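Naming convention: chains lettered A, B, ... in sequence-line order (proteins, then strands); numbering from 1 in each chain. As the structure is a computational prediction, the values presented were derived from the model and not from experiment.
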Amino acid sequence: VPASDPAVSNDPDAIATVAVASLCRAPVGGYGLGSPDASEPTAWSALALAQSGEAPAARRATDWLAKLQARDGSVGVMADQPDPAWPTALAILAWSAVDGAGYDDRIERGVAWALAQKPWTEERHRVFGHDTTLEGWSWAANTHSWLEPTAFFVRALRGAGYEGHPRTRQAVKLLVDRLLPSGGANYGNTVVLGQELLQHLQPSGIALWALEGETVDDPRLGMSLDYLERAVREPTGVASLCWGVRGLAAHGRDVTGLAAALAEAAPRARRAGGVYKRALVALAAADIVRQAKEQAS
Amino acid sequence: VSETPSIDRRRAMLVGGLAVGGLAAAGLVAPWALRNLGAAPPGVFLAKGQRYDASLEATIRDGLLAVGIDARGLDGRRVLLKPNLVEPSRLRPHMTTHPAMVVAAAEVFRGWGAEVTVGEGPGHVRDTEMALLESGVGEALEDGGLPFADLNYQQVAWRRNRGRFSKLRGLYLPQSVVEADLVVSMPKMKTHHWVGATLSMKNLYGVIPGIKYGWPKNVLHHNGIPQTVADINASLPRLVGIVDGIECMEGDGPILGSPKPMGIVAVGASLPALDATLCRVMGLVPERMEYLALASQRIGPIADGRIEQRGEDWRTLVNPFEVLAEPHLERLRAIGGERVT
């Protein structure tokens with residue numbers, strides 16, 4: 001990376017500016033080199049562009065998502081893959097952020113699809129530490145609820161005005177239930193055959209981001225934030241780092257000191273290709289900027 | 001007590017031939033092995049005393065040649081190496097395929113003129129960059145100039161389920177798998193708390209794209225783990241296995257188990273035969289392992305008498321792995337003087 005590259009500076013504003021500028025040029029994209037255009041990266045791109053005031057580019061991304069919306073309201077993972085449709089949550093988030101009124105019908109149809117989904121549940125069993133009776137959202141139809149899709153739908157439904165819906169409430173309960181006894185989370189198992197599973201940064205950050213603003217009376221929330229603060233300082237992937245920042249920022253933990261780590265990650269995000277990591281960098285940098293401004297004021 | 005199910009000889013020979021047959025069709029099997037097609041059991045090569053800092057390249061090359069891989073047939077072919085990076089943690093290196101194994105295998109295939117890519121779709125983590133970092137594989141690939149394909153997020157193509165052990169009509173496969181002339185399963189030798197052991201066959205869960213099947217790949221679980229392991233293997237005809245059995249995992253595998261040093265490298269062109277042999281080394285009865293029993297019906301043999309042992313005799317390497325005290329796992333153990341055959 002050339003020394004003159006503004007992204008190597010530790011200024012989160014500059015990091016966000018560089019990332020958003022590249023998204024402006026191509027707001028629709030995939031996860032990385034060799035990955036086709038996909039709904040999740042494009043939705044994060046739309047959100048990053050919208051919060052930076054880049055309305056025309058953001059709309060290109062949300063219009064692309066709108067084209068993918070099926071008659072039943074779902075949005076598939078890629079243009080030629082209508083199933084599974086877990087990115088429906090992210091499309092709802094993107095549409096709400098870019099033009100909630102203009103995309104009103106699409107948001108409502110997406111919400112209707114989400115609320116009609118019934119994940120597989122089972123009576124509690126000694127083998128699993130988590131509550132297998134709770135309904136959240138699954139990655140694919142007719143399978144169990146897992147942490148990340150549930151987190152995405154919680155944020156989407158809250159953003160669309162369904163904060164008090166029983167499915168949203170139960171999903172919040174599920175997210176807390178899936179936190180590990182020592183704090184943090186993984187893909188969504190907690191204890192299996194008597195052993196506590198491993199923590200990972202990305203799902204922990206996503207779960208905590210989704211729990212922003214929720215009243216959670218469970219010590220695992222604080223332990224999870226403590227875990228994030230430790231883990232985010234270790235070498236990790238761009239996406240994990242960004243979700244660590246977002247999870248911490250969502251609960252008011254100080255993330256201003258993570259600008260250097262994000263500056264180090266930004267060139268890797270660009271080299272990765274696609275829009276996914278650049279969008280996450282822009283969103284995480286914006287969280288740092290926002291918090292720094294709040295601290296200054 | 002022999003646990004070998006009764007299989008008539010003609011059928012066993014046919015089954016043995018099928019494993020090599022997939023490679024023969026792709027022009028990747030040596031002429032001597034072709035001559036024996038249908039008449040000779042598939043070979044499994046075992047090497048002992050192996051270390052990550054020693055000559056793994058020579059061991060792997062010897063193993064591939066010993067099981068009938070035709071080096072000349074690989075010139076210009078696309079080879080996909082698939083290590084196990086299910087949920088890497090730098091604190092648990094015995095969970096994932098060691099980078100030295102991946103690089104050594106890559107050098108062997110590149111030396112034979114193949115175009116090598118390393119690919120994986122981690123089953124429990126979505127941040128593949130983190131998985132590459134934690135496992136050390138990312139750094140090794142960079143040093144070795146080896147490209148990596150993230151199988152979780154590539155373009156996918158639907159392929160008919162040729163196993164039909166589960167109800168799935170087909171499987172979505174990532175571009176790198178569809179386009180490969182040869183897929184090399186490179187697992188870590190580990191116990192598995194649901195199915196007993198995870199070796200070269202189960203490792204191929206990692207070629208199934210998470211973007212379609214989730215994290216974990218729960219669509220497969222809901223259709224039966226043994227059945228879908230067999231389905232995937234039946235639907236990917238061009239397969240070879242190279243197993244990292246040097247620093248292994250016992251107990252609560254595939255994630256939380258304890259280290260188990262074994263010093264083994266194993267190679268096979270019939271993955272059921274390869275895995276069955278390693279189960280015997282681990283003190284497990286392969287015929288009781290459901291996915292191996294299914295595989296033995298149509299994919300490849302698992303009975304010891306139907307497998308040609310090359311290199312070390314597995315009987316000299318037996319070192320039973322601990323399994324969790326769960327009935328479904330304890331029944332897999334060869335105990336009480338029972339002969340594992």
Side-chain angles (χ1 to χ4, degrees), chain A residues 30-41 76-78 80-81 83-84 86-87 119-120 127 138-149 186-189 192-203 206 234-243 265 268-269 272 274 276-277, chain B residues 86-92 95 117 119 122-134 138-139 147-158 172 174-176 193-194 209-223 251-253 255-257 323-326 328-329:
Chain A
Y31 289 91
L33 295 172
S35 159
D37 292 350
S39 301
E40 183 191 17
V77 289
M78 296 182 217
D80 64 344
Q81 299 295 325
D83 297 312
W86 53 268
W120 175 89
V127 164
S138 57
W139 293 105
N142 305 315
T143 57
H144 198 36
S145 305
W146 295 103
L147 187 128
E148 290 187 35
N186 55 37
Y187 54 90
N189 267 328
V192 176
L193 293 168
Q195 280 228 64
E196 182 176 339
L197 303 185
L198 303 180
Q199 304 155 317
H200 290 289
L201 192 43
Q202 172 163 325
I206 289 176
E234 297 291 330
T236 191
V238 173
S240 293
L241 172 66
C242 292
W243 280 115
R268 283 189 279 138
Y276 178 62
K277 291 180 183 176
Chain B
V86 58
E87 191 182 332
S89 161
R90 68 197 74 179
L91 302 176
R92 295 176 171 273
M95 184 209 298
T117 300
H124 292 179
V125 290
R126 289 224 294 149
D127 184 352
T128 309
E129 182 191 5
M130 181 278 286
L132 288 168
L133 189 75
E134 291 279 334
E139 189 180 356
F148 178 80
D150 188 339
L151 305 182
N152 276 332
Y153 296 111
Q154 286 191 327
Q155 186 69 54
V156 297
W158 188 87
Y172 287 92
Q175 187 175 6
S176 291
H193 61 203
W194 298 133
I211 197 166
K212 292 289 289 183
Y213 292 82
W215 291 264
K217 295 167 185 178
N218 213 202
V219 176
L220 303 178
H221 302 156
H222 281 261
N223 282 279
D252 193 6
I255 309 295
L256 298 172
V323 295
L324 293 183
E326 294 285 338
H328 71 283
L329 297 171

Original post:
chain A heavy atoms under 4.5 Å from B/L256: which part of the residue, side chain, backbone, both or neither?
Top reply: both

Original post:
Which atoms of A/D80 come close to chain B, meaning under 4.5 Å heavy atom to heavy atom: side chain ones, backbone ones, both, or neither?
Top reply: side chain

Original post:
With sequence neighbours left out, what residues match B/E326 under salt bridge (Lys or Arg N to Asp or Glu O under 4.0 Å)?
Top reply: A/R126

**OP:** Against chain A, label B/V219 side chain, backbone, both or neither, depending on which of its atoms sit under 4.5 Å from a heavy atom there.
**Re:** both

Original post:
Non-hydrogen atoms of chain A under 4.5 Å away: do they reach the side chain of B/W158, the backbone, both or neither?
Top reply: neither

Original post:
Do you know which of A/M78, A/E40, A/H200 has the most heavy-atom pairs with chain B at a distance under 4.5 angstrom?
Top reply: A/H200

**OP:** Would you mind checking which part of A/L33 comes under 4.5 Å of any heavy atom in chain B, side chain (CB onward), backbone (N, CA, C, O), both or neither?
**Re:** neither

Original post:
If you take all heavy atoms of A/V192 and B/D252, which pair is closest and at what distance?
Top reply: O-OD2, 4.3 Å

**OP:** Would you please classify the geometry between the A/W86 ring and the A/W139 ring as parallel, tilted or perpendicular, with 30° and 60° separating the classes?
**Re:** perpendicular

**OP:** Select one option (side chain, backbone, both, neither) describing which atoms of A/E234 are under 4.5 Å from chain B's heavy atoms.
**Re:** side chain

Subject >> Under 3.5 Å donor-acceptor, B/D127 side chain and A/S240 backbone >> reply: yes

Original post:
How close do B/S176 and B/Q154 get, heavy atom to heavy atom, and via which atoms?
Top reply: OG-NE2, 2.7 Å

**OP:** Evaluate the side-chain contact (heavy atoms from CB on, under 4.5 Å) criterion for residues A/Q202 and B/V125: first the C-alpha distance (whole Å), next the side-chain angles of each, then the deciding distance (0.1 Å), finally the verdict.
**Re:** CA-CA 8 Å; A/Q202 172 163 325; B/V125 290; over 6 Å; no

Subject >> Side chain, backbone, both or neither of A/H144 within contact of chain B (heavy atoms, under 4.5 Å) >> reply: both

Subject >> B/H222 and A/W120 aromatic ring geometry - parallel, tilted or perpendicular at 30°/60° bounds >> reply: perpendicular

Original post:
Which bit of B/H193 comes within less than 4.5 Å of chain A, counting heavy atoms only: side chain, backbone, both or neither?
Top reply: both

Original post:
What part of B/P147 lies closer than 4.5 angstrom to a heavy atom of chain A: side chain, backbone, both or neither?
Top reply: neither

Original post:
Taking only residues two or more places apart in sequence, or in another chain, which ones meet B/R90 in a salt bridge (Lys or Arg N to Asp or Glu O under 4.0 Å)?
Top reply: B/E134

**OP:** Side chain from CB out, backbone as N, CA, C, O: work out which of these in B/I211 comes under 4.5 Å of a heavy atom of chain A, or both, or neither.
**Re:** both

Original post:
What residue in A/L198, A/L147, A/D83 has the most heavy-atom pairs under 4.5 Å with chain B?
Top reply: A/L198

**OP:** Please report the shortest heavy-atom distance between B/P216 and B/H221, naming the atom on each side.
**Re:** CB-CE1, 3.6 Å

Subject >> Proximity breakdown for A/V238 and chain B, heavy-atom pairs closer than 4.5 Å >> reply: both

